[in-house]
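The analysis underlying the following values was restricted to heavy atoms, covering all of them including side chains, and did not include hydrogens, waters or symmetry mates.
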Amino acid sequence: MQPDYAAILQTIFAEVQPLLSQGKVASYIPELSKVSTQHFGMAVYCLDGSTYSIGDSQQKFSLQSVTKLFALALAFSREGDAIWERVGREPSGNPFNSLVQLEYERGKPRNPFINAGALVIADILSARFVQSDIAVQQFARTISGEPTIDFDMAVAQSERQTAHRNYAIAHLMKDFGNLHNPVKTVIDSYCRQCSLTMTCAELAKAGGFLANHGSVPWSGQRILDASSSKRLNALMLTCGTYDAAGDFAYRVGLPAKSGVGGGILALVPGELAVAVWSPGLDATGNSLAGTYALERFTTLTARSIF
Ligand code: GLU
């Protein structure tokens with residue numbers, strides 16, 4: 001029997017209120033620090049087409065690293081296993097923007113969800129598309145059915161102006177021969193990609209194909225074969241929530257991808273996608289109230305992959 005999602009979202013909404021002021025917005029991208037921590041939105045997209053939402057679920061927010069999932073799905077759908085020659089599939093055990101491991105692992109990023117890995121994926125996409133960021137935008141539009149999905153140029157510019165660490169990562173990989181395009185081209189595309197905005201309702205719908213074994217539930221379009229979709233779900237579980245993926249799996253028990261804009265997309269394979277947004281982050285970079293909301297969601301619905 002399907003849980004009463006509407007009632008469960010209401011319960012969660014009430015429970016997270018005291019947490020909203022406990023997280024800290026990302027401030028290393030100055031434009032993101034302007035967003036209030038008081039926002040909370042959550043949306044559920046069931047594969048049967050039913051939807052449920054609460055709070056600021058219709059408000060656009062900065063997807064940031066959640067776009068790494070779209071970029072990876074697009075690259076994997078085009079290049080297949082060839083991408084693993086340039087990026088690994090292991091949790092890094094380091095912060096998402098760390099340079100340390102990259103030096104002693106000779107420019108091959110641990111996984112596609114840390115910044116180094118996402119820059120390599122942007123580089124791979126640049127070989128296929130004129131502009132990788134536009135390709136990811138188009139992809140986001142295809143999987144969400146929202147032709148208006150767009151960049152936030154103020155956020156993109158804000159990140160570009162302060163992207164010293166990402167420049168350092170890209171230069172290091174260039175030195176090791178793992179970046180084929182010019183560093184500036186890749187960084188510019190990556191910053192625009194990260195600035196894409198969506199609402200929770202749009203994001204949950206966009207995640208539907210990964211819950212639906214690779215095909216878009218509402219259009220039937222196949223994006224990935226079922227085996228590839230399974231593999232992306234596995235990467236989300238092991239690497240999708242920064243250096244806290246183990247704790248997130250323990251608490252929530254779902255494959256998920258988070259971003260420093262405060263968004264998290266999580267999947268119950270074969271059943272639904274759920275998106276949550278609350279800009280206050282915990283020390284690892286995951287939305288503090290968002291993680292708690294998903295923990296409560298899997299507890300109250302008794303849905304998890306375990
Ligand atoms: N654009 C951000 C960065 O490169 C994304 C970080 C994130 O959301 O994890 O730092």
Side-chain angles (χ1 to χ4, degrees), residues 5-6 8-10 12-13 16-17 20 23 25-26 29 31-32 34-47 49-71 73 133 136-156 159 192-212 216-219 223 236 240-241 254 256-268 272-281 286-294 297:
Y5 289 119
I8 288 170
L9 291 189
Q10 278 185 9
I12 293 171
F13 187 71
V16 297
Q17 295 308 313
L20 299 184
V25 287
I29 299 175
E31 199 65 21
L32 292 183
K34 296 180 181 168
V35 184
S36 162
T37 57
Q38 295 307 305
H39 292 294
F40 179 87
M42 192 162 182
V44 176
Y45 181 88
C46 297
L47 297 184
S50 55
T51 58
Y52 306 87
S53 58
I54 196 137
D56 299 320
S57 61
Q58 304 296 332
Q59 188 162 333
K60 300 267 189 190
F61 63 92
S62 194
L63 289 174
Q64 293 299 318
S65 275
V66 179
T67 65
K68 292 174 181 171
L69 178 61
F70 302 157
D133 52 306
V136 175
Q137 179 197 35
Q138 293 299 341
F139 183 75
R141 289 177 173 183
T142 300
I143 56 177
S144 67
E146 290 295 333
T148 58
I149 301 298
D150 216 344
F151 306 106
D152 181 333
M153 286 307 186
V155 170
E159 177 167 10
R192 276 196 299 273
Q193 171 196 310
C194 287
S195 83
L196 282 169
T197 65
M198 271 192 187
T199 70
C200 284
E202 292 166 346
L203 181 57
K205 191 175 173 193
F209 81 99
L210 284 167
N212 195 34
V216 177
W218 47 271
S219 71
I223 304 289
M236 291 170 78
T241 46
L254 295 179
K257 183 71 203 89
S258 57
V260 294
I264 309 176
L265 171 66
L267 311 169
V268 182
L272 59 86
V274 50
V276 61
W277 170 55
S278 182
L281 308 179
N286 293 310
S287 171
L288 189 142
T291 303
Y292 180 77
L294 289 170
F297 182 79

Beyond-backbone contact of Leu69 with Leu210, side-chain heavy atoms, under 4.5 angstrom: yes
Heavy-atom closest pair, residues Val276 and Ala293: CG2-CB, 4.1 Å
Phe40 side chain near Ile12 side chain, heavy-atom distance below 4.5 Å: yes
Listed partners of Tyr52 passing ring-ring contact (aromatic ring centres under 6.0 Å, His included), at least two apart: Tyr5
Close side-chain approach of Met236 and Leu254, heavy atoms under 4.5 Å: no
Closest non-hydrogen atom pair between Leu281 and Gly262, with its separation: CD2-CA, 3.9 Å
Shortest non-hydrogen separation from Ala275 to Cys200 and the atoms involved: CB-O, 3.4 Å
N/O donor-acceptor pair under 3.5 Å between Lys257 side chain and Val66 backbone: no
Evaluation steps, side chain to side chain contact (heavy atoms under 4.5 Å, CB included), between Lys34 and Val25: CA-CA 8 Å; Lys34 296 180 181 168; Val25 287; over 6 Å; no
Ser62 to Ser195 - nearest heavy-atom pair and separation: OG-CA, 4.3 Å
Side-chain donor or acceptor of Ser287 paired with backbone N/O of Ser278 under 3.5 Å: yes
Straight-line distance of Leu203 CG to Leu265 CG, nearest 0.5 Å: 4.5 Å
Leu272 versus Val44, closest heavy-atom pair with distance: CD2-CG1, 4.1 Å
Minimum heavy-atom distance between Thr199 and Lys60, given as atom pair plus value: CG2-N, 3.8 Å
Close side-chain approach of Ile223 and Val216, heavy atoms under 4.5 Å: yes
Contact check, side chains of Ile29 and Gln64, non-hydrogen atoms, under 4.5 Å: yes
Nearest-0.5 Å distance, OG1 of residue Thr67 to CD of residue Gln193: 3.5 Å
Side chain Ser65, main chain Lys68, donor-acceptor under 3.5 Å: no
Rounded distance (nearest 0.5 Å) linking atom CG of Leu32 with atom CD of Glu159: 8.0 Å
Worked verdict on Asn286 versus Ser258 for side-chain hydrogen bond (donor to acceptor under 3.5 Å, both in side chains): CA-CA 6 Å; Asn286 293 310; Ser258 57; 2.6 Å; yes
Distance-only polar pair, side chains of Ser144 and Glu202, donor-acceptor under 3.5 Å: no
Non-neighbouring partners of Phe61 that pass ring-ring contact (aromatic ring centres under 6.0 Å, His included), sequence neighbours left out: Trp277
Main-chain N/O of Phe13 paired to Gln17 side chain as donor or acceptor, under 3.5 Å: yes
Show me the donor-acceptor pairs within less than 3.5 Å that the side chains of residues 145-155 make with the rest of the protein, sequence neighbours left out.
unit_1, atom_1, unit_2, atom_2, d
Asp150, OD1, Gln137, NE2, 3.1
Asp152, OD1, Ala154, N, 3.1
Asp152, OD1, Val155, N, 3.3

